[in-house]
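Numbers here simply count residues along the sequence, with the first being 1. The structure displayed is predicted, hence computed values, not measured ones.
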Amino acid sequence: IISGSKEYKSEPSLQAFQKELEGRYQMSITASWVKDGAKDLPGVEHVARADLLLIFARRMKLPEEKMAVIRKHWEFGKPIVGMRTSSHAFGNEDNEIFDRKVMAGNYAGHFGNEPVAISTAKGAANHPVLKGVGKIESLKMYKAGELGASATLLQNGTIKSKNATHAVTWTNVYKGGRMFYTSLGVPIDFENDQFKRMIINAIFWTTKSKESDYLK
């Protein structure tokens with residue numbers, strides 16, 4: 001886990017989620033807890049050994065030798081679960097690659113604190129990431145430009161008062177590796193079992209694993 005998004009309280013949200021995962025599954029989880037714009041990443045050495053990266057950080061300014069470790073993960077086609085601010089987790093040049101190519105996204109800013117209704121995209125109902133996932137409502141929808149051609153859209157978000165609908169959840173395959181991104185992840189999302197169910201599904205889907213094999 002790489003966490004560093006103060007505005008959206010990624011640290012307390014992910015710390016609680018980590019405990020849930022470790023309590024239920026046979027997982028070994030390491031985490032780096034940093035702040036927005038962090039210039040260091042304690043525990044970066046764990047990235048090289050990680051089967052999966054879960055990223056929820058914002059505009060980190062890492063030294064080249066540490067950023068290179070993270071780049072190597074995605075360039076080797078190793079899976080990533082990206083949440084919320086991970087679309088702009090790094091410096092501008094790396095974001096251009098990570099957001100637009102690795103995750104096939106197109107971050108374009110955000111709306112205000114309006115309620116967001118989440119709906120399943122056409123043809124996505126049977127995707128493994130959405131298996132058993134019920135109703136989700138959120139806040140502060142991100143704006144998404146046109147997704148990459150290789151993206152598979154899973155969910156849209158709609159702000160009725162603004163008549164605005166944008167992609168909020170999708171998957172991609174980059175250099176053979178499965179990638180998952182959702183712009184959801186505000187604190188109330190982590191209080192929703194349906195949202196957490198989706199992230200758990202994404203963890204097992206991206207790693208091509210069976211959840212039942214990891215239950216304690």
Side-chain angles (χ1 to χ4, degrees), residues 2-14 16-17 36-37 54-60 80-90 92 95-96 98-172 179-203 205-206:
I2 298 176
S3 167
S5 184
K6 183 178 179 180
E7 178 182 357
Y8 299 113
K9 300 182 180 179
S10 65
E11 184 169 336
S13 293
L14 289 175
F17 190 50
D36 296 44
L54 191 157
I55 304 176
F56 189 169
R58 181 180 181 277
R59 302 197 186 284
M60 295 187 293
I80 295 172
V81 168
M83 303 175 70
R84 196 68 178 172
T85 55
S86 68
S87 58
H88 45 289
F90 311 110
N92 290 339
N95 287 337
E96 189 69 16
F98 183 67
D99 180 30
R100 301 297 294 273
K101 296 182 179 180
V102 179
M103 308 307 269
N106 190 351
Y107 172 68
H110 57 83
F111 291 92
N113 197 32
E114 298 94 341
V116 182
I118 308 302
S119 60
T120 300
K122 184 178 180 179
N126 294 322
H127 195 284
V129 169
L130 297 182
K131 183 178 180 180
V133 176
K135 184 178 181 180
I136 299 175
E137 294 182 342
S138 190
L139 294 168
K140 297 185 178 181
M141 184 170 74
Y142 271 11
K143 299 176 182 179
E146 184 177 357
L147 302 183
S150 58
T152 297
L153 178 62
L154 300 184
Q155 292 177 323
N156 288 304
T158 299
I159 299 177
K160 294 182 180 179
S161 64
K162 286 186 166 44
N163 194 29
T165 297
H166 286 259
V168 296
T169 303
W170 58 87
T171 64
N172 189 42
M179 310 294 168
F180 167 89
Y181 173 79
T182 183
S183 62
L184 305 179
V186 298
I188 63 166
D189 293 336
F190 283 91
E191 298 173 9
N192 186 327
D193 289 339
Q194 306 307 316
F195 170 76
K196 291 187 287 187
R197 175 73 264 168
M198 182 174 70
I199 301 304
I200 291 169
N201 287 348
I203 289 171
W205 179 80
T206 54

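- With a 6.0 Å radius and a threshold of 12 heavy atoms from other residues, nucleotides or ligands, Asn113 has its CG atom above the threshold.
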Exercise. Please walk me through it: do Leu184 and Met198 pass side-chain contact (heavy atoms from CB on, under 4.5 Å)?
Worked result: CA-CA 11 Å; Leu184 305 179; Met198 182 174 70; 4.3 Å; yes
Exercise. Given the rule in the side-chain contact (heavy atoms from CB on, under 4.5 Å) test, do Thr169 and Phe180 qualify, once you have shown the distances and angles that lead to the verdict?
Worked result: CA-CA 8 Å; Thr169 303; Phe180 167 89; 3.4 Å; yes
Exercise answer: donor-acceptor pairs, residues 117-133 side-chain atoms, under 3.5 Å, sequence neighbours excluded:
| from | atom 1 | to | atom 2 | distance (Å) |
| --- | --- | --- | --- | --- |
| His127 | ND1 | Val129 | N | 3.1 |

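- Atom NZ of Lys196 sits in a crowded spot, with more than 12 heavy atoms from other residues, nucleotides or ligands closer than 6.0 Å.
- Considering every non-hydrogen atom in both Ser3 and Ala57, the closest pair reads C-CB, 4.3 Å.
- Ser86 contributes atom OG, which lies 11.0 Å from atom OH of Tyr107 (distance to the nearest 0.5 angstrom).
- By the side chain to side chain contact (heavy atoms under 4.5 Å, CB included) test, Glu114 pairs with Phe111, Ile159, Ser161, Lys162, sequence neighbours left out.
- A donor-acceptor pair shorter than 3.5 Å cannot be found between the side chains of Asn156 and Thr165.
- Here the CG atom belonging to Asp36 is positioned 5.0 Å from the CZ atom belonging to Arg58, to the nearest 0.5 angstrom.
- Counting all heavy atoms, side chain and backbone alike, Phe195 lies closest to Met83 at CZ-CE, 3.4 Å.
- For the atom pair CG (Leu154) and CH2 (Trp170), the distance works out to 10.0 Å, reported to the nearest 0.5 Å.
- The shortest non-hydrogen separation linking Leu54 to Ile199 is CD1-CG2, 4.5 Å.
- In terms of modelled atom types and a separation under 3.5 Å, the side chain of Asn95 and the main chain of Ala89 share a donor-acceptor contact.
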Can you list, pair by pair, the side-chain donor-acceptor contacts under 3.5 Å of residues 140-147, counting residues two or more places apart and other chains?
none

